[in-house]
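Input: a single structure, listed below in structure tokens.
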Amino acid sequence: MYRTHTCGELRTDHSGEEVTLSGWVDNYRDHGGGLFVDLRDRYGLTQIAFSPPDSSAELIEESKNLRGEYVIQVTGKVAKRPAGQDNPKLATGDIEIRATELKLLNKSETPPVSPSEKVSEVAGEDTRLKHRYLDLRRPEMQRTMMLRDRITKRMRDYFEEHHFIDIETPILGRSTPEGARDYLVPSRVHNGKFYALPQSPQLYKQILMIAGYDRYVQIARCFRDEDLRADRQPEFTQVDVEMSFVDSDDIIGMIDGLVEKLAKDVLDIDVPTPLPRLTYDEAMRRFGHDAPDLRFEMEIVDCTDLAAKSDFGVFKNVVEGGGHVRAINAKKGTSKYSRRGIDGLTEYVKGFGAKGLAWFRCDDEGKLASTIAKFFGDDLLAELAKRLNAEPGDLILFSAADWATTCKVLHALRTKVAKEMELYDPKAMHFSWIVEFPMFELDEEADSPEGKGTWTAMHHPFTAPLEEHVELLDTDPAKCRAQAYDLVINGCEAGGGTIRIHDAPTQSKVFELLGIDAETAKDRFGFLLDALAYGAPPHGGIALGLDRVVMLFARLDNIRDVIAFPKTQKATDLMTEAPGSVDGKQLKELGIKLDS
RNA sequence: GGCGCGGUAGCUCAAUUGGUUAGAGCCCCGGACUGUCGAUCCGGAGGUUGCGGGUUCGAUUCCCGUCCGCGUCGCCA
């Protein structure tokens, strides 16, 4: 037997018991006459004392060979520590093990990543990824992995309580050209043909609804061959949900319950439900983004009409060109942003398509002042100040451009300024829904017969329009809103879903708008269209990004830290060195010849 | 693909305008010490400054290229 207890469980109640512990040497303190070891496992740290009279001289001598990350087994008596020597930083800090036996189970090289929390500087991320086994040994990472485990368990419990069944769907599927780039898997049996790894189990779960499994859930691995971000991995995990005989409210309500339970069980915070909902149009108008961070205010204010009355050429030209002039008020921003600071913001917004950054500061008398103030009459300035609720010390930042650019710029500014000015508690959690997304967006790069871009599905081609918008499919697709909803946590898209089209006429109309002719549709999703013809129930669902949910619940800003073995920005695994090259023999069997 | 930041000892970082033998803390090695808990004290070892080229009497430093890591824009139904 390697151990009778873990390194996290012994207390003064155990005093006098002989115990055996196994674990890693977290730290050692050599006093010549005696030596202390902090022994670590997943459960905590326990101090081992190699000192007389309990430990023999030979044992003490032996203990002097111990080094960091050596794996040892120790037997001894649990003892309350001498008065005044307890360590309140440790859960086991009131006791120690007076060692009588020591067995070295394994040695360790000097670790490039120290798993010990006593080392405050964590190694660089590339080193951590290369030696992931050491990084994952760090208590911080272990806590995150355990948090992830707890979240998925609670989710599974919740869905089970609500009579969902977990059904696995294939990893080897077929490629569909919509959406992200596919990861392809060549077929040996059918040379020249390829499977695709799923971007999500979307089509399968709809098929399951048609098959009568009215509440489906799966924790599903998904793959998208697109460039990475801090919150995006090529391989990620979705909590995939689909329900029959439901409308948007039913799905949203079901997930409200899940969020409420998770927040309570995992973070011990009470989240009032139903969660607040915002339409997409409102979110764009007030916050410039479809996943706004609602932990703070700083709403966008439209000033287009007032800007038109000024003599400021930049504003006038934009307004005359059909653009918009919108602004945010960074309350008390002048103390944070000097002229140089504003120059920094100006550079920043240029990265989002802004040509420059117009601004005003609000002086002590409540008047707007700026290098461009001279282009505005006093009345106009007062009107602006009133609309923007400007008070002394406030900093007003403008974006003048087309609608989409003002959204992008002001969203970027809003997020950056709020973070830099610490306008919210970094521990705060804000959950909300964005609903009624547009059905379509214009792909301006794609060529269409009409020559002005083509419609693409904002979510996917099976998304149902709002019932009252069905006729807009014929008259004004741009205005057509979908039965779609995104779960937003702290300005991060944590999940999204839709009610699906379950009738053939609507489906063909949408395909038509998307430029998918009957033949193409049949070729790509024939099986789904076939299935829809055999009594498809009204259905819809959602997929939550599990990695992101864990990241947000762990208050981390990086998805790699919640994935045991993540990929780098170039989609490689620094530990296994995947992807790697393969034998010519393997390629030959697959009928593949490489160019280079 | 674009833009930005970074790469110096096993780890975290420093190095003046381009100038002596590239330093410090941790780790590691040796020694001292009967109670520490980031132990302490003394001594020591440890470097292809990512890689390749260029400028220069002289390059960690300047220039070009390249590789890698991170952030971001494009991209992500």
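Below, chains carry the letters A, B, ... as their sequence lines are ordered, and counting in each starts from 1. These values consider heavy atoms only, across backbone and side chains, with no hydrogens, waters or symmetry-generated copies.
Put simply, CE on A/M458 is 12 Å from P on B/rC75, counting in whole angstrom units. At whole-Å resolution of the value, CZ in A/R128 and P in B/rC70 are 11 Å apart. Across the protein-nucleic acid pair, A/E235 atom CD and B/rC76 atom C1' stand 16 Å apart, rounded to whole Å. For A/Y183 and B/rC76, the OH to P distance is 15 Å, given to the nearest whole Å. For the pair A/K567 NZ and B/rC70 P, the computed distance is 13 Å after rounding to whole Å. One can place CD of A/E69 at 19 Å from P of B/rG10, the figure rounded to the nearest angstrom. B/rG4 atom P lies 16 Å from atom NZ of A/K416, rounded to whole Å. Between the CD1 atom of A/I97 and the C1' atom of B/rC37 there is a distance of 15 Å, rounded to whole Å.
In this structure, A/R229 reaches the B/rC73 phosphate: one of its side-chain N or O atoms is under 4.0 Å from OP1 or OP2. Contact check, A/R232 against B/rU72: no side-chain N or O comes under 4.0 Å of OP1 or OP2. The side chain of A/H31 contributes an N or O atom lying less than 4.0 Å from OP1 or OP2 of B/rG35.
We find that A/E140 and A/R138 are joined by a salt bridge, their nearest charged nitrogen and carboxylate oxygen being less than 4.0 Å apart. Salt bridge status for A/R81 with A/D86: absent, with no side-chain N to carboxylate O gap under 4.0 Å. The existence of a salt bridge linking A/D135 and A/R128 is confirmed by a sub-4.0 Å separation between a basic side-chain nitrogen and an acidic carboxylate oxygen.
Taking atom C1' in both B/rC26 and B/rA9, the straight-line distance is 12 Å, to the nearest Å. B/rG46 and B/rG30 are spaced 16 Å apart, taking the P atom of each and rounding to whole Å. Going from the C1' atom of B/rU72 to that of B/rG38 covers 37 Å, rounded to whole Å.
Put simply, the side chain of A/E109 and the base of B/rG10 share no donor and acceptor less than 3.5 Å apart. Residue-to-nucleotide contacts include no donor-acceptor pair under 3.5 Å from the side chain of A/R560 to the base of B/rC70.
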Name every donor-acceptor pair, under 3.5 Å, that has one atom in a side chain of residues 567-575 of chain A and the other anywhere in the protein, sequence neighbours excluded.
from	atom 1	to	atom 2	distance (Å)
A/K567	NZ	A/E235	OE1	3.4
A/T568	OG1	A/K570	N	3.3
A/T568	OG1	A/T572	N	3.3
A/T568	OG1	A/T572	OG1	2.9
A/D573	OD1	A/M575	N	2.8
A/D573	OD1	A/T576	N	3.2
A/D573	OD2	A/T576	OG1	3.3

Going by atom type alone, with no hydrogens or angles, which donor-acceptor pairs under 3.5 Å involve a side-chain atom of residues 32-41 of chain A and a protein atom two or more places apart or on another chain?
from	atom 1	to	atom 2	distance (Å)
A/D38	OD1	A/R29	NH2	3.0
A/D38	OD2	A/R29	NH1	2.9
A/R40	NH1	A/D26	OD1	2.6
A/R40	NH1	A/E69	OE2	3.3
A/R40	NH2	A/E69	OE1	2.8
A/R40	NH2	A/E69	OE2	3.4
A/D41	OD1	A/C7	N	3.4
A/D41	OD1	A/Y43	N	2.8
A/D41	OD1	A/G44	N	3.3
A/D41	OD2	A/C7	N	2.8

Listed pairs under 3.5 Å, donor-acceptor, residues 343-357 of chain A side chains, sequence neighbours left out:
from	atom 1	to	atom 2	distance (Å)
A/T346	OG1	A/I342	O	2.8
A/E347	OE2	A/K350	NZ	3.4

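Of the candidate nucleotides B/rG38, B/rG74, B/rC76, B/rG74 has the atom nearest to the side chain of A/K408. Candidate nucleotides B/rU34, B/rU72, B/rC37 were compared by shortest atom distance to the side chain of A/P52, and B/rU34 ranks first. Closest contact between the side chain of A/Q569 and the listed nucleotides B/rG35, B/rC73, B/rG71 involves B/rG71. Nearest to the side chain of A/E226, among B/rG38, B/rG71, B/rC76, sits B/rC76.
Using the Watson-Crick or G-U wobble rule with both distances under 3.5 Å, B/rU34 pairs with nothing in any strand shown. B/rC5 is paired with B/rG69 under the Watson-Crick or G-U wobble criterion, all donor-acceptor distances under 3.5 Å. Under the Watson-Crick and G-U wobble criteria, each requiring two contacts below 3.5 Å, nucleotide B/rU12 is paired to B/rA24.
Contacts of A/T456 classified as side-chain hydrogen bond (donor to acceptor under 3.5 Å, both in side chains), with partners at least two apart in sequence or in another chain: none. By the side-chain hydrogen bond (donor to acceptor under 3.5 Å, both in side chains) test, A/H131 pairs with A/Y133, sequence neighbours left out. Partners of A/T279 according to the side-chain hydrogen bond (donor to acceptor under 3.5 Å, both in side chains) rule, which considers only residues two or more places apart in sequence or in another chain, do not exist here. In terms of the side-chain hydrogen bond (donor to acceptor under 3.5 Å, both in side chains) criterion, residue partners of A/T169 (sequence neighbours excluded) are, by chain and number, A/Q218.
Judged by distance alone, with hydrogens and angles left aside, the side-chain atoms of A/E493 form no donor-acceptor pair with the main-chain N or O of A/L487 at under 3.5 Å.
Within the 4.0 angstrom heavy-atom criterion, only backbone atoms of the sugar-phosphate kind lie near A/F352; the bases stay farther away. Counting non-hydrogen atoms under 4.0 angstrom, A/R524 reaches nothing in the nucleic acid. Residue contacts for A/E125: at a heavy-atom cut-off of 4.0 Å it reaches the sugar-phosphate backbone alone, with no base atom in range. Within the nucleic acid shown, A/G32 comes within 4.0 Å of at least one base atom, counting heavy atoms only. When heavy atoms are screened at a 4.0 angstrom cut-off, A/E117 is found touching no nucleic acid atom at all. Using a 4.0 Å heavy-atom cutoff across all strands shown, A/G93 reaches no nucleic acid atom at all. Note on A/V113: nothing from the nucleic acid sits closer than 4.0 angstrom, heavy atoms only. Within 4.0 Å (heavy atoms only), A/P82 reaches at least one base atom of the nucleic acid.
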Are any protein N/O atoms closer than 3.5 Å to N/O atoms in nucleotides 27-32 of chain B? If there are, list each pair with its distance.
from	atom 1	to	atom 2	distance (Å)
B/rC28	OP1	A/Y28	OH	3.3
B/rC28	OP2	A/Y28	OH	3.3
B/rC29	OP1	A/R67	NE	3.3
B/rC29	OP2	A/R67	NE	2.7

Quick one: which protein N/O atoms are closer than 3.5 Å to N/O atoms of nucleotides 66-68 of chain B? Pair and distance per line, please.
none

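Applying the salt bridge (charged side-chain N to carboxylate O under 4.0 Å, His left out) test to residues at least two apart or on different chains, the pairs with a partner in residues 478-488 of chain A are A/D281-A/R481, A/D476-A/K479. Listed by first then second residue, pairs satisfying salt bridge (charged side-chain N to carboxylate O under 4.0 Å, His left out) with a partner in residues 53-68 of chain A read A/D30-A/K64, not counting sequence neighbours.
Near RNA chain B, meaning a heavy atom under 4.0 Å away, the residues from residues 198-205 of chain A are A/S200, A/Q202.
Heavy atoms from other residues, nucleotides or ligands lying under 6.0 Å from CZ of A/R232 number more than 12.
Nearest-nucleotide positions on RNA chain B for A/V122 and A/H460 put A/V122 closer to the 5' end.
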